[in-house]
Structures are given as C-alpha cells and as structure tokens.
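Just so it is clear, the structure is predicted and the values come from calculations on it, not from any experiment.
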Amino acid sequence: MKAINFIFNIHQPFRLKRYRFFEIGNDHYYYDDFANEDIFSRIAQRSYIPAAETLLRMIEDTKGKFRFAISISGDALEQTEQYAPEFMDLLKKLADTGKVEFLGMPYPNSLASLIDPEEFMLQVKVHADKIKALFGQTVKVIRNTELIYSDEIAPLFVELGFKGCITEGAKHVLGWKSPNYVYSAASAPKLKLLLNNSKLSDDISRRFSDTSWGGYPLTADKYIDWIASTPAEEQIINICLNMETLGELQPRETGIFQFMEALPRFAAERGIDFWTPSEAVTKLKPVDTLPVGHPISAVDDSRDVSAWLGNRLQNEAFEKLYSVAERVRLCDDRRLKMDYWYLQGADHFYYMSTKNFGDGAAAANFSPYGSPYEAFTNYMNVLADFIVRVEEQFPMSIENEELNALLTTIRNQATEIETLSKENASLRRSVEQFNIEHNLRTVPAAAKITKAEKTVNPEGIVEVKAKTVRKKTVKEKK
C-alpha cells in the first residue's frame, strides 16, 4: 500500500515599515500595517480561502479518505484573525472533519533552533497552546521553519514530546537513499523523520504552469502515475507545499484547483491512499537512521541555511538579535516580548540574502526592499531601537554571567515558591482532616451528631463545628 502525505504551510510575516535612523529612541512601532493587511487580504482572497474550500470539498466528496496536514505560524494565525476571519472559520471547519492534522512549529517562524534552544522550545510550546485553543488539537508532529533540521536539533523535538518531524529529503544527505521511507533520527532514535520529496513537490509549486517544462501540462492522472511508478516498497510520498501555491503562485487560471480535486479519484484507481503525518509515523517503521551533521532546509538548491545566514550582513543582524534573548525573557513587558518574536521571523534575514541563483533569486521578487543592503539597514535601525528598550529593562552594563546568575536565582525562587505552595496546601488539608476527626472524637457518647457546620478561621483553616442533640429524659418527653 502506498500513501501520499500532503503538508500545506501557511505563513506571512509582520513586515517592517521604513524606519530611519533619526526615529531610533522616538518611535517604538515598527510595522507596516497597510502592507501587512493589503498583502494578507489579497492572498487570502486569491489563495487561502478558495484553497481551503477546495480541500474541504475534497474531504467531503471522498467521505474522509482524502486527508492532509497544515502547518500555520503564529504570525499567520494573528493576521488571519485580524484581516481574514472567514479564513479562520474555514480552518476550524477543516479541523472539525477530523481528517486534517495541525503541525507544531516555532510561533514566529523563526531560526531560533539554530542558536537558542530555550527560546525555540518556548516558541513551540506557545504555538502548540494556540493550536489547541483554536482547533482543539494536540500537536504530535513538528515542521520546523522551512523544514530546518539537524542532529543537534532532533533531541529538542523529542524533549518537546514530538513523535515525528517533517524535513527535507536533501540529496547531499540521502545520497543513494530514497525520501519515500520513514527514517529515524541518528541523535534521537525515538524521533521518526518524514522527508519531503522535493521533485514531486516542485512539480506542483514551481513547474505546474511552466510551458517550457518537459512535463507540461501536468494532469492529475499523470502525476498519480508518477507516484504509482515508484518502487512498491516505497510507501510514503511526502509533498510539502506553501498553501499560496494554490491560487497565488499558480493562479486559478492555470487549472491548479481542478488538478487538486481530480487527484483523489486517480489515486483511488491506483490503490493509493492519503495519510496525515501522524498516521505515517504510527503505521510505518523506520528503515534506517539518517545522520544530518549540518542543518538542512527546503530552500535553495544548496538545501542548507545559507539563504538566511549566508553573508556578513545576515550574521551580524542575527547575532545582535539573539544577544538580548535572556534579557527579553526576564522582562514582564508584553509588548517588548511580542516585538522580539516578530523580529525573529526568518523572512527578515531572507530579505538580506545576496545569493543570485536558484530559489534565492526568485524569492527576491517577494522582498519589499530594493536591495539586501536596504533590508539590512532598515532592520538594524529597528533593532537598534528595540535594544534601547531592552536596556531600559536590563542595562547592557550587566554582564551575561551576572544576568545568568540573576536568571538562575529567579528560577530557583520560583521553584521554591511552587514547592512551598504545595506543602502549604497539603498542610491545610491535613489540619482540616485533623479538626474533623478531633470534633468527632470529642462528641459525648450520649449525644448524637445531626449536623456539621464548616467555618473558615482568620488563618484560612477550615473548622468543623458539630451540632449535637442531647437525649431527652423521660420527664422531658412527658
């Protein structure tokens, strides 16, 4: 039995406004609200909404045999709630079918897994809580930002409770191996890896409407035939797409929606199922371990992280941003914490890329800046103001060692308070039980308890006062 595992990713960053040097220290609002609303609303109308309607119809028409997964960032969820509530309604309808799995990921689609494990784990936990609150699902499989993965990151996924991970089937890692199997992580054997089949994914996302492509036109029956022709023992085909592929990158006029709706019929004819990631990691056993010594991703022909950290501009901004991570986590300023997450979005570093080949050149068309240097200058101006605000909370004169000591003290105090609170609650229960038993033992043998009254004394301890009825004498009865 062969199965297709569709994973649709949804993410839109909070784009920064043009922020000039003289605004540092004077203007603490960094976002281009007009651009964010305009872009998100347009993509929602052209892609997200019709795509969700199409996918919902596919589930209904197949009586639940068609199923898939969605990874949606916290940034995208916030913009959906603000700019496209009708899309949120559709996402909830998809979740209610029980055939759509929502995946875990870092809330702001960040690169934190590459530098700050504590920050990364915090972001994934907050994102998981958001998914649970909106869609009633507990995330079980993780899709890190742009499928970033390495042996160093894998144990973090296990510590967070994930059973599986979606990552890239990078050729320089796989070698002669096929991406169409389940593998186990070399550094965390309990973690199962599902690998993106980049060729079949790109056939839809990049080549579907390319008239110069040898496979053009791509029809549903041809696509399913390609999948069916893979070796019989290759049981899972993972197709990772950005949801805006449907309607935005591949416009409606190309026939992309009709192509998607026809897939389940031809798949059924060839005996091919559709699974969610959780189903795949539950049903299939790993065929081998997969060592990944250096981080891989789904971006660029190099399939590494150089799209975000490939030049001095990017690395300077990246290191500067995460140099204040401990300080931000210490503060109680909600706005400061929110800005910190928005500034961690991988898109900001992508706009600074100077790569001029492959996907890097194509993605430059989506940058709101005229050049990588303009993107760097604007970001660093914003970051300078942000760091001024952080310094107001925790001055940079405090050395990291001193800061870490302070952080440790705070954590130890929090742990001690929690322990004392539990002991106090246990003591209160013991005292309450003692009072009840003591009052019962002190009731005269000739008396009978008919009612107990509970009161709370000034110390907060519950006291039980027993009301008794004395037996009447023979004279009293007469």
Side chains of Asp304 and Ser302 only: does a donor on one sit below 3.5 Å from an acceptor on the other? yes
Quiz prompt | Heavy-atom check, side chain of Ile204 versus side chain of Tyr223, under 4.5 Å | solution = yes
Verify side-chain hydrogen bond (donor to acceptor under 3.5 Å, both in side chains) between Gln82 and Glu37, making sure each step is shown before the conclusion. CA-CA 9 Å; Gln82 188 171 359; Glu37 180 175 6; over 6 Å; no
Scan side-chain atoms only and decide if Asn5 and Asn238 contain a donor-acceptor pair under the 3.5 Å cut-off.
yes
* Asked: How about Lys65: does its NZ atom have over 12 heavy atoms from other parts shown lying under 6.0 Å from it?
  -> no
If you measure from the Lys or Arg side-chain nitrogens to the Asp or Glu carboxylate oxygens, is any gap between Arg18 and Glu374 under 4.0 Å?
-> yes
For His11 and Asp347, does a side-chain donor sit closer than 3.5 Å to a side-chain acceptor?
-> yes
**OP:** State, without any angle test, whether Trp275 and Glu101 hold a side-chain donor-acceptor pair at a distance under 3.5 Å.
**Re:** no
Open item on the list: Is there a side-chain contact between Glu168 and Ser297 in this structure, where contact means two heavy atoms from C-beta onward sitting under 4.5 Å apart?
Closed with: no
Item checked: Side-chain heavy atoms of Asp203 within contact of Trp213, under 4.5 Å -> yes
Item to check | Neighbour count >12 (heavy atoms, 6.0 Å) for atom NZ, Lys190 | outcome: no
Those residues at least two apart in sequence (or on a different chain) that pass side-chain contact (heavy atoms from CB on, under 4.5 Å) with Glu269 are Arg265, Phe266
Notebook entry, point to check: Do Lys130 and Glu81 sit within salt-bridge range, that is, some charged N less than 4.0 Å from a carboxylate O?
Noted result: yes
side-chain contact (heavy atoms from CB on, under 4.5 Å) filter on Ala325, not counting sequence neighbours, yields Asp116, Arg329, Tyr340
Close side-chain approach of Ile296 to Ile148, heavy-atom, < 4.5 Å: no
The reported gap from CG in Leu343 to NZ in Lys320 (rounded to nearest 0.5 angstrom) is 14.0 Å
Check your understanding: More than 12 non-hydrogen atoms from neighbouring residues, nucleotides or ligands closer than 6.0 Å to NZ on Lys140, yes or no?
Key -> no
> Can Lys199 be said to sit on top of Trp226's aromatic six-ring, NZ or CZ under 6.0 Å from centre and within 45° of the ring axis?
Replying inline: yes
(request) Please step through side chain to side chain contact (heavy atoms under 4.5 Å, CB included) for the pair Thr245 and Phe8, ending with a clear verdict. (result) CA-CA 9 Å; Thr245 296; Phe8 294 98; over 6 Å; no
**Request:** Kindly indicate whether the side chain of Phe394, heavy atoms from C-beta on, has any atom under 4.5 Å from the side chain of Cys331.
**Result:** yes
The side chain to side chain donor-acceptor pair (under 3.5 Å) partners of Ser209 (sequence neighbours excluded) come to Gln250
- Just do the side chain to side chain contact (heavy atoms under 4.5 Å, CB included) check on Phe135 and Leu77 with the steps written out, would you? CA-CA 12 Å; Phe135 308 116; Leu77 284 169; 4.1 Å; yes
Practice prompt. Start with the C-alpha gap between Ile4 and Ile227, add the side-chain angles, then the distance that decides, and say whether side chain to side chain contact (heavy atoms under 4.5 Å, CB included) holds.
Written response: CA-CA 9 Å; Ile4 301 172; Ile227 293 175; 3.6 Å; yes
Rounding to 0.5 Å, atoms OG1 (Thr145) and CG (Asn109) come to a distance of 4.0 Å
For Pro189 and Ser184 the tightest heavy-atom approach is O-CB, 3.7 Å
Show your reasoning for whether side-chain hydrogen bond (donor to acceptor under 3.5 Å, both in side chains) applies to Gln314 and Tyr350.
-> CA-CA 8 Å; Gln314 293 167 310; Tyr350 198 43; over 6 Å; no
Derivation of the salt bridge (charged side-chain N to carboxylate O under 4.0 Å, His left out) call for Asp300 and Lys355
CA-CA 9 Å; Asp300 287 350; Lys355 298 178 73 170; 2.8 Å; yes
Closest non-hydrogen atoms of Met352 and Ala317, given as atom of the first, atom of the second and distance, are CE-CB, 3.9 Å
With sequence neighbours left out, the residues meeting side chain to side chain donor-acceptor pair (under 3.5 Å) with Glu279 are Arg67, Thr276
From the list Tyr30, Tyr83, Tyr342, ring pair (Phe, Tyr, Trp, His ring centres under 6.0 Å) partner of Phe14 resolves to Tyr342
For this session: Look only at the side chain of Ser150 and the backbone of Pro295, and say whether a donor-acceptor pair between them is shorter than 3.5 Å.
Result: no
To the nearest 0.5 Å, atom NZ of Lys92 lies from atom CG of Leu134 at 5.5 Å
In this structure, CG of Asp225 is separated from OG1 of Thr219 (nearest 0.5 Å) by 8.0 Å
* **Lys93 atom NZ: more than 12 heavy-atom contacts under 6.0 Å** => no
Side-chain H-bond candidate by donor/acceptor type, Asn378 with Tyr351, under 3.5 Å:
no
Discussion item. Is it the case that the ring center of Phe68 lies less than 6.0 angstrom away from the ring center of Phe66?
Written reply: yes
Note to self: So Asn9 and Leu241, do their side chains get closer than 4.5 Å, heavy atoms only?
What the structure shows: no
Side-chain heavy-atom pair Gln79, Phe87 within 4.5 angstrom cut-off: no
Q. Taking atom NZ of Lys125 as the centre, does the number of heavy atoms from other residues, nucleotides or ligands within less than 6.0 Å exceed 12?
A. no
Sorted by chain and number, sequence neighbours left out, side-chain contact (heavy atoms from CB on, under 4.5 Å) with Asn180 holds for Ser178, Asn197, Thr230, Glu234, Ile237
One should read off an interatomic distance between Thr80 OG1 and Leu90 CG, to the nearest 0.5 angstrom, of 10.5 Å
**Report entry** Residues Lys163 and Ser278: side-chain donor-acceptor under 3.5 angstrom
**Finding:** no
*asked:* A quick test of your reading: do over 12 heavy atoms of other residues, nucleotides or ligands sit less than 6.0 Å from CZ of Arg335?
replied: yes
Residues, nucleotides or ligands: over 12 heavy atoms within 6.0 Å of Glu152 CD: no
Margin query: With a 4.5 Å cut-off on side-chain heavy atoms, are Phe349 and Tyr379 touching?
Written below: yes
Can you check side chain to side chain contact (heavy atoms under 4.5 Å, CB included) on Asp385 and Glu23, steps first, answer last? CA-CA 8 Å; Asp385 181 81; Glu23 294 176 287; over 6 Å; no
Rounded to the nearest 0.5 angstrom, the CD1-CG distance for Ile166 and Leu193 is 9.5 Å
Under 3.5 Å donor-acceptor pairs involving side-chain atoms of residues 44-57, not counting sequence neighbours:
{"from": "Gln45", "atom 1": "NE2", "to": "Glu86", "atom 2": "OE2", "distance (Å)": "3.1"}
{"from": "Arg46", "atom 1": "NE", "to": "Glu248", "atom 2": "OE1", "distance (Å)": "3.0"}
{"from": "Ser47", "atom 1": "OG", "to": "Met243", "atom 2": "O", "distance (Å)": "3.2"}
{"from": "Ser47", "atom 1": "OG", "to": "Leu246", "atom 2": "O", "distance (Å)": "2.8"}
{"from": "Tyr48", "atom 1": "OH", "to": "Gln12", "atom 2": "NE2", "distance (Å)": "3.2"}
{"from": "Tyr48", "atom 1": "OH", "to": "Glu244", "atom 2": "OE1", "distance (Å)": "3.3"}
{"from": "Thr54", "atom 1": "OG1", "to": "Pro50", "atom 2": "O", "distance (Å)": "2.8"}
{"from": "Arg57", "atom 1": "NE", "to": "Glu261", "atom 2": "OE1", "distance (Å)": "3.1"}
{"from": "Arg57", "atom 1": "NH2", "to": "Glu261", "atom 2": "OE2", "distance (Å)": "3.3"}

Self-check item: Distance flag, aromatic centroids of Tyr29 and Tyr31, threshold under 6.0 Å
Solution: yes
